[in-house]
Amino acid sequence: MAGAGGGGNDVQWCFSQVKGAIDDDVAEADIISTVEFNHSGELLATGDKGGRVVIFQQETENKSQPQCRSEYNVYSTFQSHEPEFDYLKSLEIEEKINKIRWLPQKNAAQFLLSTNDKTIKLWKISERDKRPEGYNLKEEDGRYRDAATITTLRVPVFRPMDLMVEASPRRVFANGHTYHINSISVNSDNETYLSADDLRINLWHLEITDRSFNVVDIKPANMEELTEVITAAEFHPHQCNTFVYSSSKGTIRLCDMRASALCDKHSKLFEEPEDPSNRSFFSEIISSISDVKFSHNGRYMMTRDYLSVKIWDLNMENRPVETYQVHEYLRSKLCSLYENDCIFDKFECCWNGNDSVVMTGSYNNFFRMLDRSQRRDVTLEASRESCKPRQVLKPRRVCAGGKRKKDEISVDSLDFNKKILHTAWHPQENIIAVATTNNLYIFQEKVN
Amino acid sequence: MEYKVEAHRIMSISLGKIYNSRVQRGGIKLHKNLLVSLVLRSARQVYLSDYYSGACLNAQSEREGNEWDITDSEREKFPPSATECDRVESTEEPQPNEQPEKEREYRENDDEVKSDQVDCTSTLQEQNQNSSLDSVAKVSSETPPESITEPKESPSDSAVAERDSTPEANGESHQPPKPYVCSNRKRSAEESESGDSPQKRTKVASSNAKEDEEAEEMDTSNVSNLITIFGSSFSGLLSKESAKPEAEAEDSGQICCDQMLKNLNPWSTAIVAF
């Protein structure tokens with residue numbers, strides 16, 4: 001398609017595919033916990049609570065049917081992490097995949113990092129479509145031939161075989177974190193990456209598994225004085241010395257690794273003064289940042305807290321340049337959302353390819369597209385009812401109070417068990433992957 | 001008074017969450033427990049402020065000194081004075097404290113300058129006028145059941161609240177210097193079930209709750225230390241290696257917290273999922 005993923009609301013989104021079980025009874029292991037496109041957009045990886053990674057591959061375009069965009073089909077499935085037990089602390093370590101990050105492709109194989117609460121693994125995904133045949137000393141099934149029966153010599157050759165995709169763990173980065181890992185981010189130098197837990201951020205080299213450098217440590221000497229934790233961290237897309245981390249207090253700190261080895265002292269602190277009129281018991285919870293993402297051009301970063309999305313200019317620390325309300329109608333429901341734990345949901349956010357539109361999820365399987373250039377927003381729904389091929393998604397509206405218009409949904413009818421926490425946008429095209437609890441929806445731009 | 005009920009309810013819910021987090025798979029989640037502890041602290045401050053106002057009205061000032069085993073710094077926050085009580089009632093003035101960001105909750109918000117951010121922000125102000133009890137400052141004008149769509153909870157809460165004020169001052173003198181909040185809640189929880197006098201209940205509680213196993217080893221010392229932020233009030237939830245050990249308070253606090261925690265279960269089942 002033409003364009004680099006631009007245009008938010010003159011784009012009409014239509015259904016492309018849905019992956020996952022149909023029945024409403026969701027097995028806990030099938031709950032999707034992370035979604036990530038690779039750098040070319042050809043591969044789409046999902047991680048789930050059962051520790052599995054499923055990779056989908058975009059089929060090469062069918063020239064005869066240009067309106068039918070290429071589909072994503074299962075490419076590889078593997079068990080990345082298993083449940084573990086920490087005997088020292090009598091703690092079970094969940095196998096849930098918290099994050100997947102792809103490495104830029106350097107050769108024929110693909111590499112990704114996947115992490116659970118404690119351990120990061122580097123996986124190599126490679127294809128095998130030929131195998132050697134014609135060994136002299138071995139039969140085809142591997143048994144050794146009797147040397148006495150060999151009368152001639154031949155050169156083994158490669159013969160084509162059915163495509164086999166293999167995933168093998170190449171590195172295991174273990175024992176680097178005392179607390180739960182919430183983020184990993186590959187550096188633009190393609191040699192190092194960072195991993196962040198609640199209180200510390202470590203810098204690893206992709207080749208070295210037995211040690212890492214601690215670059216940020218916010219653990220207080222006395223844990224009683226703990227007031228904030230690290231919630232997300234990311235490297236700058238171009239500057240290999242710069243990374244940011246967000247906190248549960250709603251602040252973002254930008255650190256420069258050239259300044260010192262230990263980046264406890266930030267280079268920039270991004271914080272917006274709190275609106276005192278919105279104070280409540282739950283002000284702290286809803287100001288906690290759940291995700292931080294740099295824009296592709298590296299000039300902006302986006303943060304997601306419970307009710308809003310904020311875009312920050314890296315050169316302006318005292319307030320965001322844009323703020324978008326995701327579901328402001330929930331502000332009056334915070335107490336109920338606290339009781340049912342929904343207030344702790346960690347929504348992610350993502351940019352489109354040219355940084356003109358941002359997307360984030362909400363409840364009732366709604367997700368929001370926020371167009372920065374046109375200052376418009378739309379709410380769409382990922383549901384099995386809009387699953388006809390190329391069916392255009394209809395904008396949804398939530399009625400906050402008062403008279404409910406036709407086609408609107410009232411706040412009280414929202415299903416808070418259907419939440420979209422993870423979304424991903426193809427780096428170049430208008431293709432989005434939206435994860436509901438256990439299904440993955442793929443939507444594409446409507447092509448006329 | 002409604003905000004006291006609300007604060008009380010939020011405290012119970014928060015403690016329930018902290019309690020449940022210890023048995024959750026994957027270990028204690030530091031982030032969530034930190035947030036819950038912050039909510040708990042805010043609710044506790046509201047609850048305390050109301051306690052002080054109630055105590056002032058009952059002229060129980062001499063008992064306040066030894067009833068509550070709170071630190072001096074916390075006591076600073078709630079100087080027992082008539083004007084303070086009035087202020088709390090009108091929820092206008094912030095109480096003197098070390099953490100201004102929490103106390104600002106109680107300020108009158110109508111006169112605050114509304115910061116106008118960017119075009120994209122919705123009109124928070126209008127929505128705030130209509131918003132619920134979550135903003136404590138609005139408590140005086142709204143009642144809890146309106147905002148929280150779980151009316152079946154308020155009867156039990158108000159029943160609890162009604163009995164709260166009276167035996168608070170009476171029962172305290174019979175107990176050793178105990179975590180006050182624990183005591184209140186234990187009493188209120190048990191009052192809703194039986195009409196016994198505070199003295200009897202105390203003895204019953206001491207003999208019953210031998211389930212010291214409730215005070216399970218904290219999986220990480222982090223959360224146990226977080227709970228020490230609230231002072232000795234919740235020492236019952238700590239492991240034996242708590243940072244501020246107060247031996248007898250710990251045991252009795254542990255017992256009363258156990259009682260309270262046991263009583264939390266029927267409440268939590270009453271909580272309607274959204």
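Keep in mind the model is a prediction, meaning the values are calculated, not measured. Per chain, numbering begins at 1; letters A, B, ... match sequence-line order.
The CD atom of Glu224(A) sits 11.5 Å away from the OG atom of Ser37(B) when rounded to the nearest 0.5 Å. Rounded to the nearest 0.5 Å, atoms NZ (Lys32(B)) and CD1 (Ile285(A)) are 9.5 Å apart. If you take OG1 on Thr227(A) and CG on Leu38(B), they are separated by 8.0 Å, rounding to the nearest 0.5 Å.
Side chain of Lys29(B) to main chain of His180(A): no donor-acceptor pair is present (N/O by atom type, distance under 3.5 Å, no hydrogens or angles).
Residues Arg9(B) and Cys335(A) come closest through the heavy atom pair NH2-SG, 3.7 Å. Ile10(B) and Phe281(A) make their closest contact through CD1-CD1, 3.2 Å (heavy atoms, listed as atom of the first residue, atom of the second, distance). Residues Leu34(B) and Ser248(A) come closest through the heavy atom pair CD2-OG, 4.0 Å. Shortest non-hydrogen contact noted between Pro83(A) and Arg25(B) is CB-NH2, 3.7 Å.
Around atom CZ of Arg397(A), no more than 12 heavy atoms belonging to other residues, nucleotides or ligands sit under 6.0 Å away.
Residues meeting the ring pair (Phe, Tyr, Trp, His ring centres under 6.0 Å) test with Tyr363(A), sequence neighbours left out: His327(A), Phe347(A), Phe416(A).
Residues Tyr338(A) and Ser14(B) have side chains in contact (heavy-atom distance under 4.5 Å, counting atoms from C-beta outward). Proximity of Leu35(B) to Ile343(A): side-chain heavy atoms (C-beta onward) are nowhere separated by under 4.5 Å.
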